[in-house]
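First the structure, which I've put down as structure tokens, then a few questions once you've had a look.
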Amino acid sequence: MLKTQTTEQISGHGMWSSKLAFILAATGAAVGLGNIWRFPYVTAENGGGAFVLIYLGCIALVGIPLLMTEILLGRAGRHSPINSLLQLARRSNASRTWSGVGVIGALVGVLVLSFYFVVAGWTLAYVWTYAVELVGSHAFQDTPQAHFDALLASPARLLFWSSLFLAVSVGVVAMGVEKGLEGSVRLLMPLLFGLLLIMVGYGMASGHFLQSVVYLFEPDFSAINGNVILQAVGQAFFSLSLGMTGIMAYGAYVPRDMHIGKTAAIIALADTSVAILAGLAIFPIVFAFGLESTGGPGLIFVTLPHAFAAMEFGNLYALAFFTLLAVAAWTSAISLLEPATAYLVERTSFNRPVSVLIIGGSTWLLGIGSVLSFNYWSEFLLWGKNFQELIEYVSTNIMLPAGGLLIAVFAGWIVSRVIVREQLADMNDDLYQVWRVLIRFVVPIAVLLVFLVAAGLI
Ligand code: TRP
């Protein structure tokens with residue numbers, strides 16, 4: 001049973017050691033494969049400029065308000081997302097069913113992670129390849145495309161590297177989130193940023209840079225259709241880690257004196273700049289080598305090796321780049337495990353290590369389906385998508401925005417205003433009103449409209 005508690009309560013799972021610690025952890029959760037692997041390839045599949053424009057609009061109008069909302073609900077509830085929602089519903093005399101949003105969120109986390117850790121395994125496989133390459137033996141076969149295809153064709157290699165990645169993530173969550181994570185993020189995130197800048201510099205020198213800027217920022221409105229909009233919304237949720245209560249889980253460990261609005265803006269800005277930088281690093285190479293052969297989820301794993309091969313000390317850069325990408329993926333994977341784990345800890349007699357092992361084990365089993373989607377099951381299609389593509393599409397483009405819609409309705413219409421205003425006490429009245437209008441009207445209506453348009457009903 002949950003006790004009735006005051007708002008000054010402390011989470012039973014521990015707390016971030018400072019405001020900066022939370023900013024680093026949340027930025028770590030946001031910045032990951034979504035920015036560097038997914039953003040460029042989904043942009044390429046959706047025609048560039050118009051997609052990016054809608055994406056940026058979503059970050060500002062839907063992303064930042066929802067980021068604030070997840071943090072504040074977490075901090076007001078101080079429990080795992082499921083129990084925080086339950087408690088807030090009770091304190092607001094609303095139906096307990098609202099905690100179901102947390103149950104769905106925890107499940108969506110497992111769904112997203114089930115393909116995320118497989119892609120993260122690719123980055124580890126590349127770390128290994130470049131490490132071997134660096135000590136002088138030849139590990140990189142033929143062309144980048146052939147090398148990537150060979151990796152995908154081998155379920156054993158995929159399973160080995162992805163399992164290694166998942167095991168490390170599970171290990172960190174088992175130890176408790178404060179330890180280890182903060183330090184690594186503090187050091188490695190700036191390094192990743194710096195390395196991306198170097199890659200952008202290479203793109204600038206390659207002669208295709210301007211073409212990439214035009215491609216990313218000149219909207220071609222004729223390219224917009226319901227599915228492009230849905231993909232842009234989904235990508236915005238995916239990149240900011242919204243809609244599945246992962247940020248809400250982190251919010252429960254946030255110190256009382258942190259300014260939620262400012263923090264949300266910082267996180268969104270950091271996340272968006274990394275995505276744009278990744279685009280500016282990758283598209284010059286795409287244009288230099290031809291997009292057709294490099295579309296799809298393999299985009300960065302095929303284009304970047306072309307650049308590394310042409311750069312001086314390319315192998316060293318490649319090793320650094322894929323190592324940092326693996327770390328970025330790792331700080332994100334942790335946030336996907338946290339909601340379900342925190343709930344098991346509260347609800348069952350299992351301790352943290354056992355709980356995360358149960359969640360990680362289920363994720364791993366589901367992940368086998370994603371591993372096989374790149375080889376044995378690649379021809380096995382449902383609605384034109386293989387198993388991995390289907391999980392990615394449904395979880396990202398449908399379940400995350402739907403979760404975000406419900407979270408917005410809950411915070412805007414259900415939770416007592418006193419609780420919400422208290423969390424945003426350091427915000428002036430005007431900004432508070434803006435947030436309130438966005439969360440009550442703009443976010444729910446926008447997501448609903450996007451669903452209707454994508455379904456062809458409007
Ligand atoms: N945002 C991370 C990325 O861009 C992935 C991620 C972490 C995520 N937590 C999430 C995606 C929660 C959706 C929901 O790589």
Side-chain angles (χ1 to χ4, degrees), residues 24-43 55 58-59 62-63 66-67 70-71 74 81 101-102 104-123 165-166 169 172-173 177 181 185 188-189 192-193 196 231-251 264 267-279 297 300 324-342 359 363 391-404 406-407:
L24 288 170
T27 308
V31 175
L33 295 172
N35 308 62
I36 294 169
W37 158 70
R38 199 171 193 277
F39 175 76
Y41 106 75
V42 178
T43 299
Y55 171 77
C58 287
I59 297 283
V62 176
L66 262 181
L67 205 48
E70 284 209 27
I71 301 173
V101 176
I104 298 171
L107 291 176
V108 174
V110 169
L111 274 187
V112 170
L113 188 56
S114 81
F115 67 85
Y116 199 86
F117 87 96
V118 175
V119 177
W122 303 350
T123 64
F165 176 89
L166 189 62
S169 311
V172 173
V173 179
V177 177
L181 182 64
V185 176
L188 296 164
M189 284 294 160
L192 180 70
F193 204 77
L196 266 179
Q231 297 265 359
V233 174
Q235 175 59 21
F237 275 87
F238 189 95
S239 195
L240 288 180
S241 312
L242 292 173
M244 57 71 68
T245 69
I247 298 290
M248 201 185 293
Y250 279 19
I267 298 167
L269 188 72
D271 187 68
T272 308
S273 359
V274 173
I276 298 293
L277 279 183
I300 67 159
L324 291 170
L325 186 53
V327 174
W330 174 44
T331 55
S332 298
I334 288 164
S335 75
L336 289 161
L337 286 167
E338 184 62 19
T341 304
I359 305 299
T363 309
I391 292 216
E392 184 178 340
Y393 190 91
V394 172
S395 60
T396 303
N397 297 328
I398 298 171
M399 301 188 81
L400 293 179
L406 292 173
I407 291 170

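Every heavy atom of this structure was used, including side-chain atoms; hydrogens, water molecules and symmetry mates were not. All ligand and atom numbering here is 1-based and tracks the order in the structure.
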Practice problem: Give yes if a backbone or side-chain nitrogen or oxygen of D271 is under 3.5 Å from a nitrogen or oxygen of ligand 1, and no if not. | Solution: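 No.
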
Exercise. If you have a sec, work out which protein heavy atom is nearest atom 3 (C) of ligand 1 and how many Å separate them, to one decimal?
Key: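 Atom 3 (C) of ligand 1 sits closest to the protein heavy atom A30 O, 3.3 Å.
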
Practice problem: Any chance you could measure L113, atom CG, to L166, atom CG, to the nearest 0.5 Å? | Solution: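 Here the rounded value is 6.0 Å.
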
Practice problem: Identify the protein heavy atom lying closest to atom 9 (N) of ligand 1, giving its residue, its atom name and the separation to 0.1 Å. | Solution: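 Residue, atom and distance for the closest contact: S335 OG, 2.9 Å.
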
Self-check item: Those atoms of ligand 1 less than 4.0 Å from some heavy atom in S239
Solution: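 It comes down to these atoms of ligand 1: 1 (N), 4 (O).
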
Practice problem: Nearest 0.5 Å please: distance from the CG atom of L336 over to the OG atom of S114. | Solution: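 Answer rounded to 0.5 Å: 10.0 Å.
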
Quiz item: atom 15 (O) of ligand 1: which protein heavy atom is closest, and how many Å away?
Solution: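 Of every protein heavy atom, Y116 OH, 2.5 Å lies nearest to atom 15 (O) of ligand 1.
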
Quiz item: Just how far is it from atom CD of E338 to atom CD1 of I247, taken to the nearest 0.5 Å?
Solution: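 If I round to the nearest 0.5 Å, the distance is 11.5 Å.
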
Quiz item: How far does CD of E70 sit from CE of M244, to the nearest 0.5 angstrom?
Solution: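 Answer rounded to 0.5 Å: 8.5 Å.
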
Practice problem: Please identify which atoms of ligand 1 are closer than 4.0 Å to at least one heavy atom of N35. | Solution: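 Counting from 1, the qualifying ligand atoms are 4 (O).
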
Quiz item: What about F237: any of its N or O atoms under 3.5 Å from an N or O on ligand 1?
Solution: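 No; the residue has no nitrogen or oxygen that sits under 3.5 Å from a nitrogen or oxygen of the ligand.
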
Self-check item: Where ligand 1 meets G34 - atom numbers and elements under 4.0 angstrom, heavy-atom basis
Solution: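 With G34 as reference, the close atoms of ligand 1 come out as 3 (C), 4 (O), 15 (O).
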
Self-check item: Numbered atoms and elements of ligand 1 in range of M244, under 4.0 angstrom, heavy atoms
Solution: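 Near M244, the atoms of ligand 1 are 12 (C), 14 (C).
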
Quiz item: When you measure from the side chain of W37 to the backbone N and O of P297, does any donor-acceptor pair fall under 3.5 Å?
Solution: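 Yes, the answer is positive, given that a donor and an acceptor are paired below the 3.5 Å cut-off.
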
Quiz item: Ignoring hydrogens and geometry, is there a side-chain-to-backbone donor-acceptor pair from N35 to D271 under 3.5 Å?
Solution: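 Between the backbone of D271 and the side chain of N35 there is a qualifying donor-acceptor contact (under 3.5 Å).
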
Exercise. Hey, can you tell me if F115 and F238 have their rings parallel, tilted or perpendicular (30° and 60° cut-offs)?
Key: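 Ring orientation, 0 to 90° scale: parallel.
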
Quiz item: Nearest protein heavy-atom contact for atom 13 (C) of ligand 1: which residue, which atom, what distance?
Solution: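 Scanning the protein heavy atoms, the shortest distance from atom 13 (C) of ligand 1 goes to L400 CD1, 3.6 Å.
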
Quiz prompt | Spacing of OG belonging to S241 relative to CD1 belonging to I267, to within rounding of 0.5 Å | solution =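 Answer rounded to 0.5 Å: 9.5 Å.
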
Quiz item: Hey, is the main chain of F165 close enough, under 3.5 Å, to the side chain of S169 for a donor-acceptor pair?
Solution: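 Such a contact is found between S169 side chain and F165 backbone.
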
Quiz item: Is L242 close to ligand 1, meaning an N/O of one under 3.5 Å from an N/O of the other?
Solution: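 No - when backbone and side-chain N and O of L242 are compared with those of ligand 1, no distance drops under 3.5 Å.
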
Quiz prompt | atom 2 (C) of ligand 1: nearest protein contact (heavy atom, Å) | solution =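 Here the nearest protein heavy atom works out to A29 O, 3.2 Å.
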
Practice problem: Looking only at protein heavy atoms, identify the closest one to atom 11 (C) of ligand 1 and say how far it is in Å. | Solution: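 Sorting protein heavy atoms by distance from atom 11 (C) of ligand 1 puts F238 O, 3.2 Å first.
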
Exercise. Indicate yes or no for a side-chain donor-acceptor contact from T396 to the backbone of Y393 under 3.5 Å, with no hydrogens or angles considered.
Key: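 Checking the backbone N and O of Y393 against the side chain of T396, no donor-acceptor pair under 3.5 Å is found.
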
Quiz item: Has ligand 1 got any nitrogen or oxygen that is less than 3.5 angstrom from a nitrogen or oxygen of L336?
Solution: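 Such a contact does not occur with ligand 1.
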
Quiz prompt | Shortest protein contact, atom 6 (C) of ligand 1 (heavy atom only) | solution =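 Nearest protein contact, heavy atoms only, for atom 6 (C) of ligand 1 is S241 OG, 3.6 Å.
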
Self-check item: Check: L33 N/O within less than 3.5 Å of ligand 1 N/O
Solution: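 Indeed, backbone or side chain, L33 has an N or O that close.
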
